[in-house]
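Structure, as structure tokens:
Note that these values count all heavy atoms, side chains included, but never hydrogens, waters or copies made by symmetry.
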Amino acid sequence: MAGPEPGHGAGREPGRGALLPFGVAEVTGPSMVPTLRHGDRLLVHYGAALRPGDVAVLRHPLQQDLLIVKRLAEARGGAWWVLGDNQAAEGVDSRAFGAVPAELVLGRVRARYRGLRPGRQRSPGVLLAWLVSAVRPVLADRSVSRRLRAR
């Protein structure tokens, strides 16, 4: 699941008060492990072109005030079949609620970053090491749609 980070314009769709088509969201829960972990912050590109394999932020189809983050597995006639990356987690995805209408998919996740650990020193070396290890692009996994069809 993803929730907007207060004060960063997250959760706003373009044309609804957002100045740029980008926002920040925070991951809660284990459904996207190993790609994303609880507490990761996401750079979300609202209105971006979507393809199978992309990680996206979307409105939960049964509780539309709740934002969730899932991988787009397959397009199905104006809707998306979405899955969590952690098959062992009892996350909520299309296996529970079916395909998600395309209008509920808000944006593509472009990058994730992990916060600095509290209490650690902030020397330039520590900051550089954090930057190298904590900031990563979130890439599409094209194999997810092949795995879905193979079942």
Where do F97 and V82 land on the side chain to side chain contact (heavy atoms under 4.5 Å, CB included) test, with the steps shown first? CA-CA 10 Å; F97 50 68; V82 299; 4.1 Å; yes

Go through the steps to decide whether L36 and V138 satisfy the test side chain to side chain contact (heavy atoms under 4.5 Å, CB included), and finish with yes or no. CA-CA 9 Å; L36 304 172; V138 176; 4.2 Å; yes

Apply side chain to side chain contact (heavy atoms under 4.5 Å, CB included) to residues L50 and W80 and explain how you reach the verdict. CA-CA 10 Å; L50 302 169; W80 285 98; 4.0 Å; yes

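The shortest distance between side-chain heavy atoms of I68 and L58 falls below 4.5 Å. Counting only heavy atoms from C-beta outward, the side chains of L72 and R51 never approach each other to under 4.5 Å. Taking the side chain as every heavy atom from C-beta outward, L42 and V69 approach each other to under 4.5 Å. With a 4.5 Å cut-off on side-chain heavy atoms, T35 and R71 count as touching. Side chains of V109 and L43 form no contact here, defined as non-hydrogen atoms less than 4.5 Å apart. Contact check for V33 versus D85: no side-chain heavy atoms found under the 4.5 Å cut-off. Residues Y113 and V24 form a side-chain contact, since some pair of their non-hydrogen atoms from C-beta on lies under 4.5 Å apart.
Of all heavy-atom pairs between R95 and W81, the closest is N-CZ2, 4.0 Å. Considering every non-hydrogen atom in both A99 and A79, the closest pair reads CB-CB, 3.7 Å. The shortest heavy-atom contact between A25 and V44 is CB-CG2, 4.2 Å. Across all non-hydrogen atoms, the minimal contact from D93 to G84 is OD2-N, 3.3 Å. Closest non-hydrogen pair, G39 versus E26, comes out as CA-OE2, 3.9 Å. Looking at every heavy atom in both residues, P52 comes nearest to A73 through CB-O, 3.6 Å.
Checking side-chain atoms of K70 against main-chain N and O of M32 turns up no donor-acceptor pair under 3.5 Å.
Between L67 atom CG and R59 atom CZ the span is 5.5 Å, to the nearest 0.5 Å.
With salt bridges taken as basic N to acidic carboxylate O contacts below 4.0 Å, one links R114 and D40.
For N86 and S31, the side-chain atoms include no donor-acceptor pair closer than 3.5 Å. Inspection of the H45 and R108 side chains reveals no N or O donor paired with an N or O acceptor under 3.5 Å.
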